[in-house]
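FYI, side chains are in, hydrogens and waters are out, and symmetry mates aren't considered; it's all heavy atoms of this structure. Predicted, not measured: the structure shown is a model, and the values here were computed from it. Numbers restart at 1 for each chain; the letters A, B, ... are given by sequence-line order, proteins then strands.
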Amino acid sequence: MRDRREKLERLRAAGIDPYSRGFRPTQTSQAAKALLGESERTEPVALAGRLMVKRLQGGVVFADLQDGGGRIQLMASRDKLGEEEFDRFADLDPGDIIGVTGPIFKTRRGEITLEVQSFQLLTKSLRPLPEKWHGLKDVEIRYRQRYVDLIANPAVREVFRARTKIITAMRGLLDERNFLDVDTPVLQEVPGGGHARPFVTHHNSLDRDLFLRIALELHLKRLLVGGFERVYEIGRVFRNEGLSPRHNPEFTLLECYQAYADYDDVMRLVEDLMVVSAMAAGRPLETSYQGEAVNLTPPFRRERMADLVLEHTGRHAVGQELNDLFEEHVEPRLRQPTFVIDYPVEISPLARPREDDPRFVERFELIILGREYANAFTELTDPIDQRARFEAQAARRAAGDVEAHPMDEDFLRAVEYGLPPCGGLGVGIDRLVMLLTDQPSVRDVILFPVMKAES
RNA sequence: GCCGGCGUAGCUCAGCUUGGCAGAGCAACGGUCUUUUAAACCGAUGGUCCAGGGUUCAAAUCCCUGCGCCGGCACCA
């Protein structure tokens, strides 16, 4: 660093602006490489990017330029550039951002290369890059200083490109089916729609505590009351819980609600979403995650929770006990995509009861490799029942369950105006991206994961 | 929150078992080399061994405490 600071001052003294501007690349490195085709040499092109490695060979310097799309080799020779410019090029450091102009050709070894006719230092880098051969492995630096990770490990960029493609594909499918993409409040008076502890914050001029949302559900359903028949939101939610390879306190949730649909319709929607997501990520449906084979080809298996628990434990159970048995004995063993249907009403305060057996609700979760990827139900539309459910939750809260669903009078008022029959869905985007990009930790699919204060 | 592992140069890592001058490769620095590309050659550099305390003639190494990272448990998606 000290060396580079001195170099910076030398450059300034020589009249060179180490943070210059005005250079316009004419294309990306990828496009420039494609330009060559079968010809020997192209017209000069202008490229800009970060200098990665430098190989000096006497009167010739080879270097790799990395831009948003990839890398291309540069070659600068003393003969072509002249003594002064050549020395100045050779003096560049890995990490510097430069603009270069020159024709594309192929070296003796067959590497497509830009022959530097002129170049401009755009941004001087003061910090050394991680080593070129071993790269950057220290996960603490990779997560805390993602910018370095993205420079040093181009494969990481592909994970995040895939993430965006997956989200774009999901939006595309929902848009195509006339779902309206909406924004609902992040700061809420009543953090409902899920089973989790919220973050608390404070509004100064209102002098009132507010909560960061833990789910999107209650506001989206209010919009169905308002007459939007299909809505969705892909947004950040916040849950005040521990960290793990599968948990980040803020994560991205897709929720969508469709009037006049039920959970069978939603299962088909989930299958379609999985297919377009896998395609967007460039994964075949018969794929694998961390070495374990997974077949994402619909239709997915559908099983009642009570049947699965009976099959795996030999026990007939209902209510909380059924769910506990399911989570302990069944869920880890469900490896291929499975819709687990018909959850106990006690743990589903927002879902519609089955008409043939009101101890259960029309709810499903999609389980793959023992993990939950989607949670959905036919929504409860009866305001009297909804109030009773909230009151049951309030009783649990009074008994010490801090995650029990809070009473939400405004939501009840909305449902009293009339919520159309509907199906709703929630999908944890981060975990889906983990699956489809084969990443082991949620931190590998969140650009800036939550970390403790740097020591 | 609990349990376990880890923390050494800018990066990747040895050294710790069994205490005895702080090590290697790459990067950076000086020089050589005009088509190289898994790291050319020669030379000289480079350290709060995570932090603090303790044991000892002597601590990167042994002990204690704290911080951070990773994994597991708990909580949850």
Side-chain angles (χ1 to χ4, degrees), chain A residues 1-7 52-64 71-81 86 90-95 105-113 115 125-145 148-149 151-153 193-198 214-216 236-255 327 331 347 365-368 370-376 401-403 426-435 440-443 449 451-455:
Chain A
M1 266 218 46
R2 196 179 308 120
D3 293 335
R4 295 216 185 173
R5 285 234 179 199
E6 287 165 7
K7 193 177 271 189
M52 296 307 289
V53 287
K54 231 172 41 171
R55 296 179 289 278
L56 276 70
Q57 295 290 324
V60 178
V61 177
F62 293 93
D64 290 348
R71 280 191 185 196
I72 188 169
Q73 176 169 268
L74 310 178
M75 186 189 85
S77 69
R78 179 168 277 141
D79 292 348
K80 297 251 169 58
L81 268 184
F86 178 80
D91 193 43
L92 292 170
D93 292 304
F105 74 107
K106 215 177 248 187
T107 63
R108 240 177 254 167
R109 297 291 184 97
E111 179 84 20
I112 298 175
T113 300
E115 180 187 293
S125 172
L126 293 181
R127 290 182 184 268
L129 288 178
E131 193 228 334
K132 61 193 169 193
W133 177 238
H134 294 94
L136 177 67
K137 291 181 178 169
D138 183 331
V139 292
E140 186 164 356
I141 299 177
R142 289 190 47 223
Y143 298 149
R144 283 191 198 281
Q145 303 178 46
V148 180
D149 190 29
I151 294 168
N153 300 316
H195 190 72
R197 301 175 70 170
I214 61 168
L216 314 174
R236 206 74 59 80
V237 298
F238 308 84
R239 299 191 179 179
N240 208 336
E241 285 149 5
L243 292 79
S244 89
R246 292 163 296 283
H247 300 85
N248 195 65
E250 54 177 304
F251 63 99
T252 300
L253 188 61
L254 159 69
E255 287 197 30
E327 287 185 357
E331 194 170 25
I347 59 161
E365 291 190 1
L366 173 61
I367 309 295
I368 306 171
R371 297 182 186 173
E372 176 192 335
Y373 286 87
N375 178 21
D401 180 357
V402 290
E403 292 177 357
V427 177
I429 296 294
D430 310 273
R431 288 189 178 174
L432 179 63
V433 174
M434 285 169 66
L435 174 68
S441 170
V442 73
R443 297 180 198 98
M451 304 285 275
K452 293 190 193 174
E454 213 169 337
S455 59

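Of the side-chain N and O atoms in R109(A), one or more sit less than 4.0 angstrom from OP1 or OP2 of U36(B). The phosphate of U36(B) has neither OP1 nor OP2 within less than 4.0 Å of any side-chain N or O from K54(A).
Summarising the geometry, the separation between NE2 on H195(A) and C1' on A74(B) is reported as 14 Å, rounded to the nearest angstrom. Nucleotide A27(B) holds its C1' atom 14 Å from the CG atom of L136(A), rounded to whole Å. Put simply, CD on E327(A) is 14 Å from P on C73(B), counting in whole angstrom units. The interatomic distance linking F105(A) (CZ) with U36(B) (P) rounds to 11 Å, in whole Å. Between the CZ atom of R239(A) and the C1' atom of A74(B) there is a distance of 17 Å, rounded to whole Å. Across the protein-nucleic acid pair, I151(A) atom CD1 and A27(B) atom P stand 18 Å apart, rounded to whole Å. Whole-Å rounding puts the R144(A) CZ to G7(B) P distance at 17 Å. If you take CG of L129(A) and P of U12(B), they are 13 Å apart, rounded to a whole angstrom.
Nearest nucleotide to the R443(A) side chain, out of U34(B), U35(B), G71(B): G71(B). Candidate nucleotides U37(B), U35(B), C70(B) were compared by shortest atom distance to the side chain of R55(A), and U37(B) ranks first. In this structure, the nucleotide among G72(B), G68(B), U35(B) sitting nearest to the side chain of K452(A) is G68(B). The nucleotide whose nearest atom lies closest to any side-chain atom of V60(A) is, among C29(B), U34(B), C73(B), U34(B). The side chain of S441(A) lies closest to G71(B) when the candidates are U12(B), G71(B), U36(B). Among the nucleotides C33(B), A28(B), U34(B), the one closest to any side-chain atom of D93(A) is A28(B). Checking G68(B), C75(B), U36(B) against every side-chain atom of E140(A), the shortest atom distance belongs to G68(B). Ranking C70(B), C29(B), U35(B) by closeness to the V139(A) side chain, first place goes to C70(B). Side-chain atoms of T107(A) lie closest to U36(B) of the nucleotides U36(B), U34(B), C33(B). The side chain of P245(A) approaches G72(B) more closely than any other nucleotide in the set A27(B), C69(B), G72(B).
Between R236(A) and E250(A) there is a salt bridge, since at least one side-chain N of the basic residue sits less than 4.0 Å from a carboxylate O of the acidic one. For the pair D93(A) and K54(A), the salt-bridge criterion is not met [side-chain N within less than 4.0 Å of a carboxylate O]. E115(A) has a carboxylate O that lies under 4.0 Å from a charged side-chain N of K80(A), or vice versa, which qualifies the two as a salt bridge.
With N153(A) contributing its side chain and L136(A) its backbone, the two residues share a donor-acceptor pair below 3.5 Å.
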Check step by step if side chain to side chain contact (heavy atoms under 4.5 Å, CB included) holds for L129(A) and I151(A). CA-CA 8 Å; L129(A) 288 178; I151(A) 294 168; 3.8 Å; yes
Where do Q73(A) and R109(A) land on the side-chain hydrogen bond (donor to acceptor under 3.5 Å, both in side chains) test, with the steps shown first? CA-CA 12 Å; Q73(A) 176 169 268; R109(A) 297 291 184 97; over 6 Å; no
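Under the Watson-Crick or G-U wobble criterion, with both distances below 3.5 Å, U61(B) is left unpaired in every strand shown. Under the Watson-Crick or G-U wobble criterion, with both distances below 3.5 Å, A44(B) has no partner in any strand shown. Nucleotide U55(B) forms a pair with no other nucleotide shown, judged by Watson-Crick or G-U wobble geometry with both contacts under 3.5 Å. Pair assignment for C6(B) gives G68(B), based on Watson-Crick or G-U wobble hydrogen-bonding distances that are each under 3.5 Å. Under the Watson-Crick or G-U wobble criterion, with both distances below 3.5 Å, U17(B) has no partner in any strand shown. Pair assignment for A22(B): none, as no Watson-Crick or G-U wobble contacts are both less than 3.5 Å.
For U56(B) and U61(B), the P atoms lie 16 Å apart once the distance is rounded to whole Å. The gap from the C1' atom of C16(B) to that of C49(B) amounts to 11 Å, rounded to the nearest Å. Between G46(B) and A24(B), the two C1' atoms lie 13 Å apart (nearest whole Å). Taking the P atom of each, U18(B) and G54(B) are spaced 25 Å apart, rounded to whole Å. Comparing the C1' positions of C67(B) and A27(B) gives an interatomic distance of 29 Å, to the nearest angstrom. Rounded to whole Å, the separation between the C1' atoms of U45(B) and G10(B) comes to 14 Å. Separating the P atom of C2(B) from that of U55(B) is a span of 28 Å, rounded to the nearest Å. Look at the C1' atom in both G25(B) and C21(B): the space between them is 22 Å, to the nearest Å.
Side-chain atoms of F105(A) and M75(A), non-hydrogen and from C-beta on, do get closer than 4.5 Å to each other. Contact check for R443(A) versus D430(A): no side-chain heavy atoms found under the 4.5 Å cut-off.
Among the atoms of the strands shown, only primed sugar atoms or phosphate atoms (P, OP1, OP2) are found under 4.0 Å from some heavy atom of I141(A). Residue contacts for Y373(A): at a heavy-atom cut-off of 4.0 Å it reaches no nucleic acid atom on any strand shown. Among the atoms of the strands shown, none is found under 4.0 Å from any heavy atom of G428(A). If you check every strand for non-hydrogen atoms under 4.0 Å, Q73(A) touches a base.
The 5' end of RNA chain B is approached more closely, in terms of each residue's nearest nucleotide, by D138(A) than by the other of E111(A) and D138(A). Nearest-nucleotide positions on RNA chain B for M75(A) and N248(A) put M75(A) closer to the 5' end.
The base of U34(B) has none of its N or O atoms less than 3.5 Å from a complementary donor or acceptor on the side chain of S77(A).
Other residues, nucleotides and ligands place no more than 12 heavy atoms under 6.0 Å from the CZ atom of R197(A).
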